[in-house]
Amino acid sequence: MTPHGARAGEDAEDLDVEEVLALVRNSNGNHPPEPPARGETDSAARPSHQPDPSVRPDDRHRATPWPEARALAERAGRDAARAARRAPVPASLDTALGLTLAAPLDALTDLPSFDTSAMDGWAVCGPAPWHVRDEGVLAGHAGPGSLTDGEAVPIATGARIPPETTAVLRSEHGRTDDKGRLYATRDVVPGQDIRPRGQECRTGDQLLAVGTLVTPAVLGLAAAAGYDSVTAVPRARAEVLVLGDELLTQGLPHDGLIRDALGPMLPPWLRALGAEVTAVRRIRDDADALHEAVTASGADVILTTGGTAAGPVDHVHPTLRRIGAELLVDGVKVRPGHPMLLARITRTQHLVGLPGNPLAAVSALLTLAEPLLRTLAARPAPEPYTMPLRDAVHGHPDDTRLVPVVLRGDEAVPLHYNGPAMLRGIAAADALAVVPPGGARPGQDAELLDLPWASGGIGVCFT
């Protein structure tokens with residue numbers, strides 16, 4: 001038998017992250033369609049730092065439709081996972097929340113491992129009346145000797161059932177006479193309120209499959225089954241580079257300076273998406289400083305804030321050209337967040353350029369970073385769903401809009417304060433509604449993107 005406290009799957013064949021991801025994809029048919037390959041036959045085979053020669057310069061700056069941008073980000077994650085061949089890691093139960101199982105969770109013991117009482121009361125043998133023993137049976141203590149017909153013993157919930165026990169009589173269903181004999185006030189059915197050994201599982205049963213997301217309930221099951229750690233897909237490492245001379249880290253805005261909203265917001269959001277945030281660095285508006293920060297980073301995913309347009313201090317594009325990065329997405333047809341980008345720096349490292357406006361940055365985070373990080377973490381794609389909009393939503397003529405909404409009954413209610421620089425709407429929201437070009441009328445179904453803290457899923461915990 002596998003010893004107590006063993007890691008999940010230690011006797012199983014090791015799977016790397018790409019293989020876990022393939023299992024997750026095969027069990028979830030709701031991944032987006034493959035985007036056009038843009039002339040490449042195997043992106044992982046092309047040397048890093050080399051742009052795709054089949055893409056014309058004018059094509060590089062054409063905004064990508066929103067669904068295709070998300071599909072490209074997911075595909076980039078698969079390519080990176082394939083190239084990195086990251087090995088699964090043992091994760092202790094206090095660090096495994098939000099990871100994906102890379103080995104099945106098999107039962108190390110029967111659950112329960114012995115017959116236990118499901119209620120407080122008496123363990124009884126044979127028909128009433130019963131003579132009650134003086135000593136009781138408590139959880140965590142050795143069980144008493146066998147009962148004989150006409151005997152009973154007080155017993156606590158979770159305690160070991162004495163041999164030859166007929167049933168457990170609940171405390172509220174028994175009474176004693178003046179001679180101390182115990183009677184039942186209801187019929188006693190053999191086996192009642194006894195949890196038999198192996199009721200939940202037998203040793204060797206598969207409790208959870210590869211690709212299962214580790215939730216609080218999974219942690220509880222693993223602990224009950226005797227695990228001290230599980231074998232899981234490691235978190236992708238993410239580094240945040242907050243760009244701008246105008247940003248304050250404390251106090252009130254003044255003299256043209258504004259508070260940095262993204263530095264506090266992005267790390268917990270990234271952790272909710274399955275990443276390990278290794279650093280948050282503030283970079284002044286200086287091209288050489290940005291170049292040094294990007295080239296020195298060992299993160300799997302670098303996220304920059306601001307600097308993705310073509311202004312005098314927008315240094316992200318020049319930096320990517322300088323290091324020979326390949327632009328996979330250069331602008332997305334979505335509002336807010338249009339000037340976002342995704343670049344491949346090496347076969348295993350990517351940069352996501354977020355706009356500097358806060359809601360635009362959230363839009364880019366959910367458009368590009370979420371599919372990329374989800375795929376690197378081998379998490380299953382969320383089930384797409386729609387809800388009717390209570391109110392009309394104005395649309396952009398050509399681009400998708402992402403609009404904060406709250407869910408009320410069976411409707412999604414659009415929120416005000418949804419401009420690119422505003423956080424007031426998203427702070428109160430349950431989800432973002434995906435509004436097609438041209439807008440949506442009242443009652444029209446809209447696809448919804450859940451926010452981590454509102455989905456009832458694992459993202460509610462940001463640790």
Side-chain angles (χ1 to χ4, degrees), residues 17-18 20-46 51-52 54-55 59-84 211 236 273-275 300-301 303 308 325-345 347-354 362-386 396 398-402 431-437 446-450:
V17 173
E18 167 64 15
V20 177
L21 181 59
L23 287 173
V24 171
R25 282 175 54 80
N26 288 339
S27 64
N28 186 334
N30 295 307
H31 49 273
E34 291 284 353
R38 297 196 174 193
E40 60 177 304
T41 58
D42 182 359
S43 60
R46 189 169 54 253
D52 186 345
S54 68
V55 179
D59 287 337
R60 299 184 191 280
H61 304 288
R62 184 178 302 158
T64 304
W66 184 76
E68 182 183 336
R70 300 194 80 214
L72 283 165
E74 183 177 309
R75 181 181 177 190
R78 292 200 305 276
D79 289 346
R82 183 182 302 115
L273 296 178
D300 302 301
V301 179
L303 295 102
T308 56
E326 178 188 1
L327 276 173
L328 304 177
V329 176
D330 189 10
V332 176
K333 298 182 70 175
V334 66
R335 307 290 169 151
H338 171 79
M340 66 181 76
L341 63 84
L342 171 63
R344 180 187 288 123
I345 298 175
R347 295 173 67 191
T348 60
Q349 186 182 53
H350 291 79
L351 183 145
V352 178
L354 309 178
V362 169
S363 173
L365 192 71
L366 295 181
T367 299
L368 297 177
E370 186 276 333
L372 177 65
L373 291 171
R374 165 170 43 81
T375 307
L376 288 173
R379 288 184 173 186
E383 291 282 347
Y385 75 102
T386 64
H396 187 275
D398 304 306
D399 297 351
T400 300
R401 279 193 70 198
L402 300 182
L432 287 173
V434 181
V435 178
E447 179 185 351
L448 296 184
L449 301 178
D450 278 330

Are the side chains of [Y] and [X] in contact, using a 4.5 Å heavy-atom criterion?
{"X": "Glu370", "Y": "Arg70", "answer": "yes"}
{"X": "Ser363", "Y": "Val334", "answer": "yes"}
{"X": "Thr386", "Y": "Val434", "answer": "no"}

Could you tell me which non-hydrogen atom of [X] sits nearest to which non-hydrogen atom of [Y], and how far apart they are?
{"X": "Ala364", "Y": "Leu354", "value": "CB-CD2, 3.5 Å"}
{"X": "Val301", "Y": "Leu376", "value": "CG2-CD1, 3.9 Å"}
{"X": "Thr64", "Y": "Ala69", "value": "CG2-N, 3.6 Å"}
{"X": "Gly211", "Y": "Pro380", "value": "O-CD, 4.2 Å"}
{"X": "Leu448", "Y": "Ala431", "value": "CB-CB, 4.4 Å"}

Mind checking what makes side-chain hydrogen bond (donor to acceptor under 3.5 Å, both in side chains) contact with Thr367, not counting sequence neighbours?
Trp66
Side chain of Thr308, backbone of Pro339: donor and acceptor closer than 3.5 Å?
yes
Tested for side-chain contact (heavy atoms from CB on, under 4.5 Å) against Arg344, the lone hit among Leu351, Leu327, Asp79 is Asp79
[atom2] on [Y] to [atom1] on [X], rounded to 0.5 Å:
{"X": "Arg379", "Y": "Leu373", "atom1": "CZ", "atom2": "CG", "value": "9.0 Å"}
{"X": "Glu326", "Y": "Arg347", "atom1": "CD", "atom2": "CZ", "value": "12.5 Å"}
{"X": "Thr375", "Y": "Arg78", "atom1": "OG1", "atom2": "CZ", "value": "6.5 Å"}

List for me each residue that meets side chain to side chain contact (heavy atoms under 4.5 Å, CB included) alongside His338, sequence neighbours excluded, and say none if there are none.
Ala63, Arg335, Asp399
Who are the side chain to side chain contact (heavy atoms under 4.5 Å, CB included) partners of Ala76, not counting sequence neighbours?
Leu328, Leu342, His350, Leu372
Audit row: Thr400, Val332, side-chain contact (heavy atoms from CB on, under 4.5 Å) steps and yes/no:
CA-CA 9 Å; Thr400 300; Val332 176; over 6 Å; no
